[in-house]
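One structure below.
One-based numbering along the sequence shown.
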Amino acid sequence: MNTQPETGKRPTRLVDPDEVLTDYLNALLSEVETVESTETAAEIITEMVAPAVVAEAEVTVAGEPAEDSLPATEQAIETAAPAAANDIQILLFEVAGITLAVPLEQLNGILEWNDEVTPMPNRSAWFLGLLAERGQQIKVIDTGMLVVPSKFRGSHSREDMQKIILIGDSKWGLACDSVSEVITLSRDKVRWRGENSKRPWLAGMVVDRMCALLDIDKFVELLGSEQLTPAE
């Protein structure tokens, strides 16, 4: 019996999720404004106190009013007090294990994913299809494919997407895995995008939460001109 080890094959290396997240966040941090702190993503993550587990917020499906009260996230959106001049209110959501954020003032609503999203032929890979809702055809996109590089997305697929965040006067829907909460923070807590950023959709980094803040106006502009390609 041949007991010689096979040659030419390298052992498979398991990817550490924390290492993948750190690499991605370091890449984003390299594109925002330089500040006095030179902390890396790994150092910031280490210093962060582990947040309490937040139950995924339930969102009312359009056309089905809640029986007693609005779900937690929608209620926070509806009742959020106007932010102070130097504050910004943002909605946190998750895609492929990465936390992202959108300014609350540019959010048009949240829908549950449903199978009525109709794929369209000859469209970009990130274009998931059209959803007839609110009197118009909402263009639903694969947010993860556009924002999270493929090496960080892993096995993320359509089945992981459970929510649709409406932007651009509800003309566009950002498919995501879940939404979590609305927070208010001072604008100086955001490390804003630098001039040499390779990601035009990136407004900045919310360092306390280690998440990317999307530039919705630029994102909508790029979607409309079909200038976006899958993140690499």
Side-chain angles (χ1 to χ4, degrees), residues 15 17 19-33 41 90-103 106-108 110-111 113 115 117-131 133 136-179 190-206 209-232:
V15 178
E19 181 181 337
V20 170
L21 175 61
T22 299
D23 288 345
Y24 179 62
L25 294 176
N26 271 326
L28 293 181
L29 283 171
S30 69
E31 297 189 22
V32 297
E33 292 181 350
I90 59 177
L91 171 71
L92 303 179
F93 64 100
E94 288 73 41
V95 176
I98 302 295
T99 300
L100 302 172
V102 292
Q106 294 179 297
L107 173 66
N108 303 129
I110 304 172
L111 303 175
W113 177 276
D115 293 332
V117 175
T118 304
M120 301 297 290
N122 304 318
R123 299 302 296 264
S124 301
W126 48 260
F127 190 93
L128 295 175
L130 296 176
L131 174 62
E133 189 68 60
Q136 61 182 324
Q137 295 289 331
I138 299 171
K139 302 169 185 175
V140 182
I141 69 169
D142 185 336
T143 312
M145 184 177 290
L146 290 176
V147 174
V148 183
S150 58
K151 63 180 179 180
F152 302 126
R153 290 198 300 270
S155 59
H156 187 258
S157 67
R158 216 300 298 148
E159 286 68 28
D160 297 310
M161 306 175 202
Q162 301 298 318
K163 301 287 189 288
I164 300 173
I165 298 174
L166 304 182
I167 60 172
D169 295 326
S170 297
K171 295 178 181 177
W172 296 93
L174 306 179
C176 64
D177 302 349
S178 63
V179 296
V190 179
R191 294 189 188 178
W192 300 101
R193 179 184 64 209
E195 294 181 358
N196 298 322
S197 173
K198 297 180 294 184
R199 298 174 172 85
W201 49 262
L202 177 65
M205 286 287 292
V206 182
R209 295 299 184 112
M210 285 311 298
C211 68
L213 177 63
L214 303 186
D215 183 332
I216 295 301
D217 288 337
K218 190 63 177 179
F219 207 26
V220 169
E221 176 187 335
L222 292 170
L223 288 170
S225 61
E226 298 189 359
Q227 294 179 11
L228 285 172
T229 57
E232 298 179 355

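Across all their heavy atoms, P149 and R199 have their closest contact at CG-NH2, 4.4 Å. Nearest heavy-atom pair, F93 versus C176, reported as atom, atom and distance to 0.1 Å: CD1-CB, 3.6 Å. Here the closest non-hydrogen pair linking W192 and A203 is CE3-O, 3.3 Å. Between G97 and D177, the closest heavy-atom pair is N-OD2, 4.4 Å. For the pair K171 and Q136, the tightest heavy-atom approach, listed with the atom from each and the gap, is CG-OE1, 3.8 Å. Nearest heavy atom pair, residue D160 against residue S155, reads OD2-O, 4.1 Å.
The aromatic rings of W172 and F127 sit perpendicular to each other, their planes meeting at more than 60°, with 30° as the lower class boundary.
A donor-acceptor contact shorter than 3.5 Å is absent between the side chain of R191 and the backbone of M205. Between the side chain of T143 and the backbone N or O of A175 there is at least one donor-acceptor pair closer than 3.5 Å. Between the side chain of R193 and the backbone N or O of P200, at least one donor-acceptor pair lies under 3.5 Å. Listed for the E159 side chain is no donor-acceptor partner under 3.5 Å among the backbone atoms of H156. Distance alone, capped at 3.5 Å, places no donor-acceptor pair between the S170 side chain and the L166 backbone.
Side chains of R209 and T99 form no contact here, defined as non-hydrogen atoms less than 4.5 Å apart. F219 has its side chain within reach of L146: a pair of non-hydrogen atoms, C-beta onward, lies under 4.5 Å apart. Taking the side chain as every heavy atom from C-beta outward, D217 and Q106 approach each other to under 4.5 Å.
Rounding to the nearest 0.5 angstrom, the gap separating the CG atom in L128 from the CE atom in M145 is 7.5 Å. Here the straight-line distance linking atom CG of L130 with atom CD of Q137 works out to 5.0 Å at 0.5 Å rounding. Atom CG of residue L107 and atom CG of residue L91 lie 6.0 Å apart, to the nearest 0.5 angstrom. Note: I90 CD1 to L213 CG = 6.0 Å, rounded to the nearest 0.5 Å.
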Q) Which is it for L174 and V95 under the side-chain contact (heavy atoms from CB on, under 4.5 Å) test, yes or no, and what are the steps along the way? A) CA-CA 10 Å; L174 306 179; V95 176; over 6 Å; no
Q: Mind running side-chain contact (heavy atoms from CB on, under 4.5 Å) on I138 and L111 for me, showing each step along the way?
A: CA-CA 11 Å; I138 299 171; L111 303 175; 4.1 Å; yes
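Geometrically, K218 does not engage W201 in a cation-pi contact defined by less than 6.0 Å to the ring centre and at most 45° from the axis.
For R158, there are no side chain to side chain donor-acceptor pair (under 3.5 Å) partners at least two apart in sequence or on another chain. By the side chain to side chain donor-acceptor pair (under 3.5 Å) test, N108 is found to be paired with no residue, residues two or more places apart in sequence or in another chain being considered.
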